[in-house]
Amino acid sequence: MAAAPDTDEPKRPTRPTRSTYRHGDLRNALIKAGVELAREGGPEAVVLRAATRHAGVVPNAAYRHFADRGALLHAVSQAAMARVARTMEAEQAALPPATDAKEAARARFRAVGTGYLRFAQEEPGLFRAAFHVPGDMSHAADDDAAGSGGTPFELLGAALDDLVETGALPEDRRPGAEFLAWSAVHGLAVLLIDGPLRGLHPTQAHDAGRHVIDMIERGI
């Protein structure tokens with residue numbers, strides 16, 4: 001009887017599973033890792049070594065894309081700012097239909113503020129990181145800090161422009177109004193998450209936000 005043919009072929013070595021990101025994905029992977037670190041611990045938690053550990057790469061790999069911790073923190077800040085913008089846009093999108101143009105513009109303006117405050121209270125770590133930025137307005141309109149319709153600052157400006165276009169805000173009161181509105185709402189947000197108002201019941205915090213936005217509407 002003929003011997004059975006040997007069917008055992010030499011096995012090819014198994015390629016080890018890749019545990020790190022390819023070079024083209026690394027920058028976004030590090031930003032994503034930094035966002036998660038900021039969510040848990042604010043801007044102070046965003047450090048290169050921790051981000052590379054989350055991304056599954058060696059620490060030195062981060063320097064291909066970020067010169068230092070400050071560069072990574074800036075990118076995380078912009079990503080967090082974009083999330084603020086998307087929350088504001090979602091607040092506007094959830095508004096019921098309005099037939100009166102002035103009332104619709106007022107509702108969109110108020111939604112900018114309520115969305116901003118909601119994000120601060122729901123994501124305090126990311127909110128702190130979002131405003132851990134350079135000391136000027138040079139990055140307030142960057143695409144990296146925008147939602148689908150603009151950055152938080154641009155969304156506020158557009159809402160104020162709508163108030164003017166519909167006649168709800170006199171044109172001569174428009175210049176500089178964004179700084180008044182932003183300062184008041186941001187101040188309340190900080191008091192609610194880091195200041196003496198952080199112990200307020202959610203209903204009280206909601207009412208405080210409504211009253212501040214009422215005050216802004218009367219003041220601009």
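Phe127 meets the ring-ring contact (aromatic ring centres under 6.0 Å, His included) test with Tyr116, Phe131, His186; sequence neighbours excluded. Under the side chain to side chain contact (heavy atoms under 4.5 Å, CB included) criterion, Pro97 pairs with no residue at all, not counting sequence neighbours. With sequence neighbours left out, the side chain to side chain contact (heavy atoms under 4.5 Å, CB included) criterion links Ala98 to Ala104. Remark: Asp207 pairs with Arg210 by the salt bridge (Lys or Arg N to Asp or Glu O under 4.0 Å) rule, at least two apart or across chains. In this view, Glu154 satisfies the salt bridge (Lys or Arg N to Asp or Glu O under 4.0 Å) rule with no residue, not counting sequence neighbours. Applying the side chain to side chain contact (heavy atoms under 4.5 Å, CB included) rule to Ala79 yields the partners Ile31, Val35; only residues at least two apart in sequence or on another chain are considered. In this structure, the side chain to side chain contact (heavy atoms under 4.5 Å, CB included) partners of Pro43, at least two apart in sequence or on a different chain, are Leu73, Arg128, Ala129, His132. Qualifying salt bridge (Lys or Arg N to Asp or Glu O under 4.0 Å) partners for Glu89, counting only residues two or more places apart in sequence or in other chains: none.
Residue pairs that meet the side chain to side chain donor-acceptor pair (under 3.5 Å) test with at least one member in residues 92-105, sequence neighbours left out, are Glu103-Arg106. Every pair tested for salt bridge (Lys or Arg N to Asp or Glu O under 4.0 Å) that includes a residue from residues 45-57 fails, sequence neighbours excluded, so the list is empty. Applying the salt bridge (Lys or Arg N to Asp or Glu O under 4.0 Å) test to pairs two or more places apart or on separate chains, those with a residue in residues 176-191 are Arg174-Glu178.
In this structure a side-chain-to-backbone donor-acceptor pair under 3.5 Å is missing from Thr166 to Ala105. Thr87 places a side-chain N or O within 3.5 Å of a backbone atom of Arg83 that can act as its donor or acceptor partner. Judged purely by atom type and a 3.5 angstrom limit, Ser183 has no side-chain atom pairing as donor or acceptor with the backbone of Leu180.
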* Apply the test side chain to side chain contact (heavy atoms under 4.5 Å, CB included) to residues Glu171 and Val164: give CA-CA distance (whole Å), side-chain angles for both, the deciding distance (0.1 Å), then the verdict. => CA-CA 6 Å; Glu171 187 172 358; Val164 173; 4.1 Å; yes
* To do: Go through Phe109 and Asp162 one step at a time and tell me if the side chain to side chain contact (heavy atoms under 4.5 Å, CB included) criterion holds.
  => CA-CA 8 Å; Phe109 171 74; Asp162 282 348; over 6 Å; no
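The CD atom of Glu44 sits 12.0 Å away from the CG atom of Leu37 when rounded to the nearest 0.5 Å. Between atom OG1 of residue Thr52 and atom CG of residue Asn60 there is a gap of 9.0 Å, rounded to the nearest 0.5 Å. In this structure, the separation between CG on Leu72 and NE2 on His74 is 11.0 Å, given to the nearest 0.5 Å. Taken to the nearest 0.5 Å, the OG1 atom of Thr151 stands 11.5 Å off from the CG atom of Asp144. Within the model, atoms NE2 of His65 and CG of Leu26 stand 4.0 Å from one another, a figure rounded to the nearest 0.5 Å.
Between Phe66 and Arg27 there is a side-chain heavy-atom pair separated by less than 4.5 Å. A 4.5 Å side-chain heavy-atom check between Ser148 and Arg86 finds every atom pair outside the cut-off. In this structure, the side chains of Leu197 and Leu188 come closer than 4.5 Å at one or more pairs of heavy atoms. Using a 4.5 Å heavy-atom cutoff, the side chains of Met88 and Val112 are in contact.
When every heavy atom of Leu160 is checked against every heavy atom of Ala177, the shortest pair comes out as CD1-C, 3.8 Å. The nearest pair of heavy atoms linking Ala130 to Val84 is CB-CG2, 4.2 Å.
Linking Ile, Leu, Val, Met, Phe, Trp and Tyr whenever their side-chain heavy atoms come within less than 4.5 Å leaves Leu95 and Phe119 in two separate clusters. One hydrophobic cluster holds both Leu117 and Phe179 under the rule that ILVMFWY side chains link at heavy-atom gaps under 4.5 Å.
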Identify all side-chain donor-acceptor contacts of residues 211-220 below 3.5 Å with residues at least two apart in sequence or on another chain.
residue : atom : partner : partner atom : Å
Asp214  : OD1  : Arg110  : NH1          : 2.8
Asp214  : OD1  : Arg110  : NH2          : 3.0
Glu217  : OE1  : Arg110  : NH1          : 2.6

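A salt bridge links Glu91 to Arg118: at least one charged side-chain nitrogen sits closer than 4.0 Å to a carboxylate oxygen.
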